[in-house]
Amino acid sequence: MMHCTLIGDHSVLIDFSKSNQALKDIHELSKLLFANKPSWATEIVPGLDSLVVQLKYELNDPKQIRQTAFTDLEKIGKQLEKQKKGKTYPTKIHRIHVCYHPDVALDLMAIAQACKLPPEQVVNLHKSSTYTVDILGFMPGFAYFSGLNPKLQLPRLASPRPAVPKGSVAIAELQTAIYPRTTPGGWNIIGRSPNILFDIEQNPPGLFMAGDQMQIEEISLDALQKFEQKNQPKEIIRTLDKNKASIEVIQPGTFSTIQDDPRSCLSHWAVGPGGACDLSSLHLANALVGNPLDTAAIEMTSSGPSLLFHETVCVAWVGAECDGIIDGQRIPGNRPIWLKKGTTLKFSSLNPGFRTVLAIGGGLNLPNILGRAGSHISANIGPKRLEKGDLLQLKDPKAPLRSPFLKNLLREDALPCFPKWYVRSPFVPINAITPVHCLAGPHLTFLTAKERELFWSTIWKVSKQSNRMGVRLEGDFKLKKDLPNIPSQAITFGTVQFPPSQEPIIMLAEHQTTGGYPRLAEVIRADLTKLAQVKPGNAIQLMPITLEETDHLNAEVLKLLESTINSIQTMIQPNGNA
C-alpha cells in the first residue's frame, strides 16, 4: 500500500518502499495522475521507490490544498488497488537502433574482457533484453533502464570521461542508458544509437517516460552514420538585423543569462523548472517598466554587464544593490529609468546581494522553447550565457509609451531620467548571518538528537562552488559515519541534500530533477529569494520552523510582494493591465 507524507511546504511524497513491486506501482500511479491530473498538482516525478507530486498553491489556502491532495490521493490509491485486479495502462514499447561497432562502442573490448565473454556474446546479451525505464534524471531525456543481463554487470569507470559522445549506449551495475547529448559520464560505452531522445521542437519533447520499455535493433556503422546525418538537429537561428532596435553586449559581466518564469510540468522528462533564481525581483523589475510579470529579462550574477542600447528604452533593475553607470554618472536602481539611444549602461559592483534582474520595457525578441524564452544553462535549453559581441533584439521598445506615467516620465532633452521614488528589493543580506527558514527533511531522522541540534546550530559558509544548480555550504558540522544514500527521488528548489562530502547542497533554480542523497531539510518558499542573494563567503544558518509558522510567513511575504506589484501596476498601467 502507498503511504503519503508532506515534504517541506511544496510536495507530497507517496512512498512505495514497502511494496514488493514498487516501480510497477509507481509507474501505474503516475500514468493515472497524468491521465487525470488533479487541479492541485504541478510536477509529477517518479523515483525508484516513491512518487513526488508538487502542490499548486495559488488556488487556495495551503492547508486546504494539502487536505484536498491527501484526500484525493487516498481515493486514487484505492482505484490503483482495484486496477491491479483488472486492466492496467498499456506499456509503450520503443524500438531503438544501436550500433555495436568498436569505432563507437568505445568500451566493448574492455567490457568483454571484464565479463570474461567474447565481444559477440556481449552484444547478443545486451541487444536481446527488454528494458524498462525505471526513472529519468541527470539531464533532459536521460532514462535509467533496468533489465540488463546480470552477466554484463559492471561497476562505473574508475575515472569518468570528460565527454561521452551523444547517443552513446552505456552500462553500469544492472542498468543501461543512452546519453541524449555529449556530456561528462562514467558508464561503460557498449554502443551508439542515432535515435533522438529529447527534442525541444517536439511536443512532448522527450521520447521515454518512466514505465516505458525499450527493445534494441542492431544496425551497422554505415546505417548509424546515415541515420545520424538524417537526424541532425535543426539549429534555431535568429538572424539579427543590426538596423533594428537592439542591445549590444560590450562586456558580459561575470555570469549574465536571459531568465523568465520557470518551465512547468516537464520534470518527468528530466527538465528541471529553471527560471530566474530570484523570481520576486524579476516580477518587480517587469512591473516597473509595464511588462507582463513573466517577461524574459537579464539576470546578472556577481557583476553586471556593459550594454550599448541602439534605441531609446525604459529599463529597471531589482535585486542585489547596485547603481547603473552612464558616462561616469551613477543612476540608482529599483525604479523605471529612460535611457537614450546610443547609451552604454554599466553597473557598480553588486553588494549586498549576488543577483540583479534587468528588465527592458517591451521585452526581448526571443524564440519560445518549451513554453518559455529563458536560458536553462545546465539543460542546454534556450539562449546561452551572454558573451561579448552578442546582439539582443528588442521586441517592442515603444511599449512603455502606452503607459501615461512612463510617457510623462520620458524627457527627451534630459536623458537618463527617472523618478525619485523606488521600490525595495525583496531581499538583500544585511546581517552577518542570513537566517534561512527550513522544515525538517524526510531523512533528518537519520541523525541522532544531538546531531540534529548541531545541524541546526551550525553557521555555514557559502562555497565558491555554488552556481545556478545549487548553493554549496561549508561548515564544521561533521558526522562520525556517512549517511546511507537513498533510492533516487524527486528534489526541488530549496531541497537541502547531504552528500558523502558532508557539505550540504541547497538546490537552486537549475537543480536536477531527481537525487539520491539524503535530504535533511527543505527551505520554505518565503526564503527561496535568500538563496539567490547569498554570495560565496556569506554566512547562513538553517533555522527550523513549524508548518503553521511556515504558512504564516509564506502568506506575509506573498501579500507584501503582491501589494507592491499592485501599487506599481496601478500607477504605471491605470487600467491595471500589466
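Note that the structure is predicted; figures quoted are calculated from it, not measured.
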Could you walk me through whether Lys92 and Gln213 pass side chain to side chain contact (heavy atoms under 4.5 Å, CB included), step by step? CA-CA 6 Å; Lys92 197 169 186 181; Gln213 289 191 328; over 6 Å; no

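- For the pair Lys530/Pro435, a side-chain contact is recorded, criterion being any heavy-atom separation below 4.5 Å from C-beta on.
- Side-chain contact, Gln259 with Thr257: a donor N or O sits under 3.5 Å from an acceptor N or O.
- With His511 contributing its side chain and Gly470 its backbone, the two residues share no donor-acceptor pair below 3.5 Å.
- With contacts defined as side-chain heavy-atom distances shorter than 4.5 Å, the pair Tyr179/Val169 does not qualify.
- Between Gln497 and Met507, the closest side-chain pair of non-hydrogen atoms falls below 4.5 Å.
- Under the 4.5 Å side-chain criterion, counting only non-hydrogen atoms from C-beta, Leu444 is in contact with Arg452.
- Gln465 CD: 12 or fewer foreign heavy atoms inside a 6.0 Å radius.
- Shown here is Gln215, whose CD atom has more than 12 heavy atoms of other residues, nucleotides or ligands within 6.0 Å.
- Using modelled atom types, one finds a donor on one side chain and an acceptor on the other under 3.5 Å when comparing His283 with Asp261.
- Atom CD of Glu173 sits in a crowded spot, with more than 12 heavy atoms from other residues, nucleotides or ligands closer than 6.0 Å.
- Phe145 meets the ring pair (Phe, Tyr, Trp, His ring centres under 6.0 Å) test with Phe208; sequence neighbours excluded.
- Of all the heavy atoms in Pro429 and Asn538, the pair that sits closest is CG-OD1, 4.2 Å.
- In this structure the side chain of Leu553 reaches within 4.5 angstrom of the side chain of His437, judged on heavy atoms.
- Here the side chain of Arg385 pairs no donor or acceptor atom with the backbone of Phe255 at under 3.5 angstrom.
- Of the possible donor and acceptor atoms, one in the side chain of Asp260 sits under 3.5 Å from a partner among the backbone N and O of Ala373.
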Please test Ser280 against Asp278 for side chain to side chain contact (heavy atoms under 4.5 Å, CB included), starting from the C-alpha separation and ending with a verdict. CA-CA 6 Å; Ser280 305; Asp278 181 350; 3.8 Å; yes

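- Looking at Ser567, its side chain does come within 3.5 Å of a backbone N or O of Ser563 through a donor-acceptor pair.
- Under the 30°/60° scheme for interplanar angles, the aromatic rings of Phe34 and His268 are found to be tilted.
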Using side chain to side chain donor-acceptor pair (under 3.5 Å), reason through Arg519 and Thr495 one step at a time and then give a plain yes or no. CA-CA 7 Å; Arg519 52 205 303 178; Thr495 294; 3.2 Å; yes

Show your working on side chain to side chain contact (heavy atoms under 4.5 Å, CB included) between Glu522 and Ile7 and close with a plain yes or no. CA-CA 7 Å; Glu522 302 286 331; Ile7 295 195; 3.6 Å; yes

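- Judged purely by distance below 3.5 Å, without hydrogens or angles, the side chains of Asp72 and Trp40 pair a donor atom with an acceptor atom.
- Residues Asp294 and Arg372 come closest through the heavy atom pair OD2-NH1, 3.0 Å.
- Within the 3.5 Å criterion, the main-chain N or O of Glu549 finds a donor-acceptor partner in the side chain of Thr546.
- No more than 12 heavy atoms of other residues, nucleotides or ligands lie within 6.0 Å of CZ in Arg472, so this atom counts as exposed by the packing criterion.
- For NZ of Lys37, the number of neighbouring non-hydrogen atoms (other residues, nucleotides, ligands) closer than 6.0 Å is greater than 12.
- With sequence neighbours left out, the side chain to side chain contact (heavy atoms under 4.5 Å, CB included) criterion links Asn485 to Tyr517, Pro518.
- With 3.5 Å as the limit, one finds no donor-acceptor pair spanning the side chains of Glu74 and Thr71.
- The aromatic rings of Tyr144 and Phe142 lie perpendicular to each other, with more than 60° between the two planes, well past the 30° mark.
- For the pair Glu451/Phe455, no side-chain contact is recorded, criterion being any heavy-atom separation below 4.5 Å from C-beta on.
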Yes or no on salt bridge (charged side-chain N to carboxylate O under 4.0 Å, His left out) for Asp212 and Lys31, after CA distance, side-chain angles and deciding distance? CA-CA 11 Å; Asp212 286 0; Lys31 285 173 189 171; 5.5 Å; no

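- Using a 4.5 Å heavy-atom threshold, the side chains of Ile76 and Asn36 count as separate.
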What's the verdict on side chain to side chain donor-acceptor pair (under 3.5 Å) for His3 and Asp15, showing C-alpha distance, side-chain angles and the deciding distance? CA-CA 5 Å; His3 172 63; Asp15 181 9; 5.9 Å; no

Show the numbers, then the answer: is there a side chain to side chain donor-acceptor pair (under 3.5 Å) between Gln54 and Thr492? CA-CA 9 Å; Gln54 271 187 43; Thr492 189; 3.2 Å; yes

Between Asp49 and Gln489, does a side chain to side chain donor-acceptor pair (under 3.5 Å) hold up when you go through it step by step? CA-CA 8 Å; Asp49 67 358; Gln489 61 179 225; 4.9 Å; no

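- Screening Thr42, Thr5, Val52 for a side-chain contact (heavy atoms from CB on, under 4.5 Å) involving Ser11 leaves a single residue, Val52.
- Partners of Phe493 by ring pair (Phe, Tyr, Trp, His ring centres under 6.0 Å), not counting sequence neighbours: none found.
- Pro180 has its side chain out of reach of Lys166: every pair of non-hydrogen atoms, C-beta onward, lies at least 4.5 Å apart.
- With no hydrogens or angles considered, no side-chain donor-acceptor pair links Glu548 and His552 at under 3.5 Å.
- Classification of Asp551 and Arg66 as a salt-bridged pair holds, one side-chain N sitting under 4.0 Å from a carboxylate O.
- There is a side-chain donor-acceptor pair under 3.5 Å between Asp25 and Ser19.
- A donor-acceptor contact under 3.5 angstrom links the side chains of Ser378 and Glu510, judged on distance only.
- Asp9 and Asn554 share a side-chain donor-acceptor pair at under 3.5 Å.
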